[in-house]
Amino acid sequence: MDDDSASGVLQFDVRLGLWDSRRLYRSWDAVLVGTQYVELSASHRVCLATQSSLEKLHSLVQVAHQWQGPLSLGLFVAGDEEFEAAQRYLDFLQRCYAAVRERVTVSVLVPGSRAPRQQPRYYPLPDFLDCERPEAALRQFARPISAEQASWRVRNAYPQNHMRNLARKNCQAEWVFLTDVDVVPSSNLSQLLEDFLRDERNRCDKCAYVIPTFELDARVRFPQNKSELVRLAKKSLARPFHHKVFIHNQFATNFTRWMMDSQPGQAPPPPAERGDTRARVSHDVTNFEFLYEPFYVARDVAPAHDERFMGYGYTRNTQVYEMYVAGYKFKVLTPTFTVHWGLQTRKSRPAWRERQNSVNRKHFEIFKKEVFARYSRDPLKMRSRARSCALRSALFLYLISGASGRGGPCILVQYTRKRDRSSSSAATCFTHVHFCYNRDVYSLLEAGCGELLLKSSPTALEQLRPDPSRARRPYVCYIRKRGQSVVRASE
């Protein structure tokens with residue numbers, strides 16, 4: 001078969017496509033359809049929707065092997081170089097892996113300012129395909145991508161919420177499990193969810209069934225069941241997702257209770273009585289907070305992800321927040337789980353992440369007003385939180401510009417007692433304890449303290465934990481540069 005007579009792996013016209021509401025991106029639905037995708041969609045209640053850029057696409061292999069139902073992928077590509085590499089790699093995946101070939105449907109999103117100009121076509125693959133090494137194969141196909149293209153990707157925000165909406169809306173099943181492509185489902189999760197939702201008592205219109213997510217040490221094998229995962233967690237080889245990086249991300253799931261799998265005041269049941277071969281509700285989420293962003297299964301009528309939020313910050317948690325305001329109940333399932341490879345640690349935050357977070361924070365000020373107008377509810381008191389300022393207790397957090405040890409201006413953020421009146425120069429009334437009583441320094445930025453910090457310097461963050469025995473109290477931020485007077489937040 002010669003190149004001219006062969007059809008490409010993707011089937012669409014780059015001159016067409018559906019524009020988003022701001023004409024920033026164009027999308028094409030179902031440009032590559034798995035051979036069994038239609039039949040699987042008709043026979044399954046749950047579709048896994050996930051999204052990826054080219055550099056993470058190798059993770060699709062393990063996800064597709066673990067998930068036995070229909071899988072909808074939203075793929076982001078920018079420019080002709082990435083578009084060619086994506087076509088070559090998707091062809092490689094289809095030839096090497098039956099799970100991808102049969103179950104996965106791909107939809108594509110491109111930036112309007114950097115759309116591919118070349119139509120999809122057939123690209124011959126190398127004679128020898130190493131199907132045992134999908135990540136190495138991706139590096140090989142991406143090698144011709146220029147440094148200029150790579151630089152463009154760093155400078156431009158990744159449209160995560162566009163991708164999530166695209167993947168979700170190309171699912172045909174009634175229920176959707178929305179994840180990122182590097183989040184891997186536990187074994188037999190698809191069948192466990194099918195059996196769980198077959199019970200009419202669990203088919204709740206406004207229920208979001210949370211699937212706990214763990215980070216896993218890259219040196220261990222993938223746990224085959226919950227018992228193996230719990231054993232790894234006790235050996236510090238697994239831990240809740242973002243536990244060290246941003247604990248609020250998943251904290252409301254209550255991983256301790258999930259691992260113990262018991263009701264308050266009750267001893268955990270013996271393994272034989274837990275019914276670990278069937279999914280069930282372990283417990284309800286009772287301490288919901290704004291920064292919460294679990295991976296969950298819900299009917300495909302949940303609010304969409306707001307596409308104004310792009311890049312880093314406010315992308316997933318705003319959608320979960322809207323669900324909460326709309327009256328959704330979050331219920332944690334067991335023995336189901338998902339895994340993200342690698343134990344994450346706090347690293348220096350690049351300046352582009354802070355810039356994106358600052359832009360998204362401004363969008364959120366409008367978003368929360370729209371949510372209140374839509375539902376006439378404000379259960380987390382988000383509209384009044386900016387006025388909730390009081391000073392209690394003491395805590396010092398150092399934020400050093402750039403990588404540790406490289407120098408740069410030092411900014412000191414200080415929480416101090418209310419009776420301390422030594423500060424002067426009123427600034428902005430910042431925040432409420434719900435974010436600032438600190439398990440994680442980064443919550444300061446999410447809460448609003450970051451606005452003033454970022455004007456002083458792009459910062460890398462270093463965590464300093466407070467005394468966990470202290471009751472939660474409201475705080476505001478004191479900010480100063482080294483050698484300068486203290487700037488105090490007004491009450």
Side-chain angles (χ1 to χ4, degrees), residues 160 179-180 183 208 210-215 239-259 283-296 305 309 311-325 328 330 332 338 340 343-347 349 353-354 356-358 360-361 364 367-368 371 379-382 385-386 388 393 395 397 399 413 415 430-451 453 459-477:
Q160 298 185 38
T179 69
D180 296 334
V183 173
V210 175
I211 311 298
T213 303
F214 283 77
E215 299 171 359
R239 65 187 178 211
F241 189 47
H242 281 178
H243 183 72
K244 296 292 186 182
V245 176
F246 187 38
I247 195 171
H248 295 285
N249 179 284
Q250 306 283 321
F251 185 76
T253 296
N254 196 340
F255 288 88
T256 300
R257 185 170 173 185
W258 182 84
M259 288 191 284
H283 57 276
D284 292 347
V285 172
T286 58
N287 57 336
F288 187 95
E289 55 186 345
F290 167 65
L291 299 175
Y292 188 43
E293 47 183 46
F295 296 106
Y296 61 83
H305 287 72
F309 299 107
Y312 181 77
Y314 295 88
T315 55
R316 278 200 296 130
N317 58 16
T318 47
Q319 189 270 346
V320 174
Y321 165 68
E322 183 174 353
M323 290 177 68
Y324 182 73
V325 174
Y328 277 76
F330 292 82
V332 182
T338 56
H340 184 282
L343 299 177
Q344 300 184 37
T345 57
R346 182 175 300 282
K347 297 179 180 179
R349 300 285 181 173
R353 297 190 74 168
E354 308 300 350
Q356 291 174 5
N357 191 71
S358 181
N360 284 339
R361 186 182 303 110
F364 177 68
F367 174 81
K368 68 181 180 182
V371 169
L380 297 182
K381 304 295 187 290
M382 297 295 291
R385 182 155 291 169
S388 294
S393 192
L395 176 66
L397 306 172
L399 296 86
V413 181
Y415 295 134
F430 284 112
T431 189
H432 181 276
V433 62
H434 195 65
F435 300 124
C436 273
Y437 185 73
N438 228 328
R439 293 186 188 86
D440 187 309
V441 176
Y442 213 69
S443 61
L444 294 172
L445 302 182
E446 297 289 352
C449 298
E451 290 283 356
L453 289 178
T459 60
L461 306 181
E462 180 180 340
Q463 184 176 23
L464 181 64
R465 295 175 182 275
D467 180 355
S469 66
R470 293 184 182 273
R472 288 191 170 199
R473 305 284 180 86
Y475 296 100
V476 295
C477 302

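Predicted model, so just to flag it, every value in this text is computed and none were measured. The analysis underlying the following values was restricted to heavy atoms, covering all of them including side chains, and did not include hydrogens, waters or symmetry mates.
Taking the side-chain hydrogen bond (donor to acceptor under 3.5 Å, both in side chains) definition, one finds that Asp180 meets it with Gln51, Arg164, sequence neighbours left out. The ring-ring contact (aromatic ring centres under 6.0 Å, His included) search around Phe309 returns Phe367, not counting sequence neighbours. Listed by chain and number, the residues in a side chain to side chain contact (heavy atoms under 4.5 Å, CB included) with Glu215 are Arg239, Phe241, His242, Leu343, Gln344 (sequence neighbours excluded). By the side-chain hydrogen bond (donor to acceptor under 3.5 Å, both in side chains) test, Tyr296 pairs with Gln319, sequence neighbours left out. Tyr292 pairs by the side-chain hydrogen bond (donor to acceptor under 3.5 Å, both in side chains) definition with Thr253, not counting sequence neighbours. Residues meeting the ring-ring contact (aromatic ring centres under 6.0 Å, His included) test with Tyr328, sequence neighbours left out: none. Legend: residues meeting ring-ring contact (aromatic ring centres under 6.0 Å, His included) with Phe295, ordered by chain and number and at least two apart, are absent. Applying the side-chain hydrogen bond (donor to acceptor under 3.5 Å, both in side chains) criterion to Thr318, with sequence neighbours excluded, gives no partner residue.
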Practice task
Any chance you could lay out the side-chain contact (heavy atoms from CB on, under 4.5 Å) test for Val320 and Phe290, step after step, and finish with the verdict?
Solution key: CA-CA 8 Å; Val320 174; Phe290 167 65; over 6 Å; no

Handout entry: Test log, rule side-chain contact (heavy atoms from CB on, under 4.5 Å), inputs Phe214 and His340
Key = CA-CA 6 Å; Phe214 283 77; His340 184 282; over 6 Å; no

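For the pair His305/Thr315, no side-chain contact is recorded, criterion being any heavy-atom separation below 4.5 Å from C-beta on. Within the 4.5 Å cutoff, no side-chain heavy atoms of Pro212 are placed close to those of Thr338. The side-chain heavy atoms of Phe251 and Glu289, taken from C-beta on, include a pair separated by under 4.5 Å. Residues Glu322 and Tyr324 have side chains not in contact (no heavy-atom distance under 4.5 Å, counting atoms from C-beta outward). Between Phe330 and Met323 there is a side-chain heavy-atom pair separated by less than 4.5 Å. Taking 4.5 Å as the limit, some side-chain heavy atom of Val332 sits within range of a side-chain heavy atom of Val285. Counting only heavy atoms from C-beta outward, the side chains of Asn357 and Tyr314 approach each other to under 4.5 Å.
Looking at every heavy atom in both residues, Pro294 comes nearest to Val210 through CB-CG1, 3.7 Å. Here the closest heavy-atom approach between residue Arg257 and residue Asn254 is recorded as N-OD1, 3.1 Å. Counting all heavy atoms, side chain and backbone alike, Tyr312 lies closest to Gln356 at N-OE1, 2.9 Å. Across every non-hydrogen atom of Asn360 and Gly313, the tightest pair is ND2-O, 2.7 Å.
Considering CG of Asn249 and CG of Asn317, their distance stands at 8.0 Å, rounded to 0.5 Å.
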